[in-house]
Amino acid sequence: MPGSYVVACQGQAVAFVRYRVTMRNPFRQHGQGMMNPDLLSDQAWEQPDGADASIFGAGTDVLDDIDQARADEYALLASLLITPPDSESLARLSCLQDNSDAPLGRAHIALAQAAASYSHDAICREYSELFIGVGRGELLPYASYYLTGFLNERPLARLRADMARFGIERAEGNCEPEDHLASICEMMSGFACNHFPVSHDEEQDFFKRHVEPWAGRFFSDLEHAKAAKFYRSVGTVGRLFIEIDSEAFAMAARQNA
């Protein structure tokens, strides 16, 4: 995967943001650690007492730079979709740097500029208009809604079945349906950095089933949403990143055919 990913990106791999964010929508894996939302993502995994360290990919393996970058990008998207960034997060986002001239690199710079241009209060209001609203927000970031037009439908059931197969369950206190895009991005981040150990084929199948059919369309809608100002730049980053990951998985599948 890492080698084919670099080829698929055609040199855009350097555009991936190297940014650690606090994960606010934690999932845990049966018998394994739970993400600690008070720590940065590369420090956030706790092992239960007596756990075998060999089952924790991040603790034992040297993670490929591209997969780490993918994990960081998915984590960033997850954190921005589940809650508006606080002032500290905005300050960190405003410091993002990307010297590449690839589309995703330029999108990262635009995101940094947007983070420097809007206050936390303004982004909170924008977030509410986009995703909460009176009755409902302008956008509903759920797989069921995008794929069927209704909430809590078959796409959610299929996702829950795959989560059970991989031993992933929703952490206590998290009441958001699992097919919220923030939750799915967090799971993809966990796959990429081996916190949720799965094979490459399983990760690719998860992406094909639960991300590719609708995530790019959602991010495109976010780019063009009436209420989107700061989040317009988030939509651009998300759309471009999903396109790159989709191309990478497709190339890997062709090479393995």
Side-chain angles (χ1 to χ4, degrees), residues 9 12 15-19 21 23-25 69-86 89-90 92-98 100-133 136-147 149 155 176-177 179-189 192 207 210-248:
C9 293
Q12 295 186 54
F16 280 96
V17 63
R18 305 297 301 175
Y19 183 74
V21 292
M23 304 292 271
R24 301 172 186 268
N25 188 26
R70 292 178 59 239
D72 292 345
E73 196 82 47
Y74 275 117
L76 174 62
L77 292 170
S79 71
L80 292 173
L81 290 175
I82 199 59
T83 188
D86 58 22
S89 297
L90 284 174
R92 297 173 67 186
L93 278 172
S94 69
C95 295
L96 285 176
Q97 296 181 358
D98 199 315
S100 70
D101 193 35
L104 185 56
R106 294 193 294 271
H108 288 150
I109 297 302
L111 177 60
Q113 293 171 343
S117 301
Y118 295 99
S119 68
H120 168 65
D121 289 342
I123 294 175
C124 283
R125 291 191 294 270
E126 178 183 339
Y127 184 93
S128 180
E129 290 181 40
L130 284 169
F131 305 121
I132 301 173
R136 56 158 285 183
E138 186 175 347
L139 298 177
L140 294 175
Y142 300 93
S144 290
Y145 181 79
Y146 264 78
L147 297 176
E176 194 71 66
D179 64 339
H180 191 293
L181 187 52
S183 300
I184 294 175
C185 283
E186 185 174 340
M187 285 182 254
M188 285 297 300
S189 178
F207 180 87
H210 305 297
V211 181
E212 190 172 52
W214 73 283
R217 184 153 49 100
F218 167 81
F219 282 122
S220 179
D221 289 346
L222 183 56
E223 284 183 277
H224 298 96
K226 293 180 180 178
K229 298 179 180 65
F230 167 80
Y231 273 91
R232 184 172 294 117
S233 60
V234 177
T236 302
V237 169
R239 174 180 57 80
L240 291 170
F241 175 64
I242 295 301
E243 289 174 359
I244 291 173
D245 227 24
S246 180
E247 182 182 354

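All figures in this text were calculated on a predicted structure; none of them were measured in a lab. Values reported hereafter were calculated over all heavy atoms of this structure, with side chains retained and with hydrogens, waters and symmetry mates removed.
The aromatic ring centroids of Y127 and F230 lie 6.0 Å or more from each other.
Although no hydrogens or angles enter the test, the distance criterion places no donor-acceptor pair under 3.5 Å between the side chain of E73 and the main chain of F241. Remark: the backbone N or O of L80 is paired with a side-chain donor or acceptor of Y231 at under 3.5 angstrom.
With contacts defined as side-chain heavy-atom distances shorter than 4.5 Å, the pair L139/Y146 qualifies. No side-chain heavy atom of W214 sits under 4.5 Å from any side-chain heavy atom of D179. A 4.5 Å side-chain heavy-atom check between L76 and L93 finds at least one atom pair inside the cut-off. By the 4.5 Å heavy-atom criterion applied to side chains, H108 and V237 are counted as neighbours.
Between atom NE2 of residue H120 and atom CG of residue L90 there is a gap of 8.0 Å, rounded to the nearest 0.5 Å.
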- Message: Using side chain to side chain contact (heavy atoms under 4.5 Å, CB included), reason through L104 and D98 one step at a time and then give a plain yes or no.
- Response: CA-CA 9 Å; L104 185 56; D98 199 315; over 6 Å; no
- Task: Take R106 and D101 through the test side chain to side chain contact (heavy atoms under 4.5 Å, CB included) and record every step on the way to the result.
- Result: CA-CA 6 Å; R106 294 193 294 271; D101 193 35; 3.2 Å; yes
- Task: Take L96 and I109 through the test side chain to side chain contact (heavy atoms under 4.5 Å, CB included) and record every step on the way to the result.
- Result: CA-CA 7 Å; L96 285 176; I109 297 302; 5.9 Å; no
- side chain to side chain contact (heavy atoms under 4.5 Å, CB included) between L81 and F218, worked out: CA-CA 11 Å; L81 290 175; F218 167 81; 4.0 Å; yes
- Message: Under the criterion side-chain hydrogen bond (donor to acceptor under 3.5 Å, both in side chains), I'd like the reasoning laid out for E186 against H180: C-alpha separation, chi angles, the key distance, then a yes or no.
- Response: CA-CA 10 Å; E186 185 174 340; H180 191 293; over 6 Å; no
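Here R239 pairs with E243 in a salt bridge; the nearest charged N to carboxylate O distance falls below 4.0 Å.
Annotation for G105 and S100: closest pair CA-OG, 3.5 Å, computed over non-hydrogen atoms.
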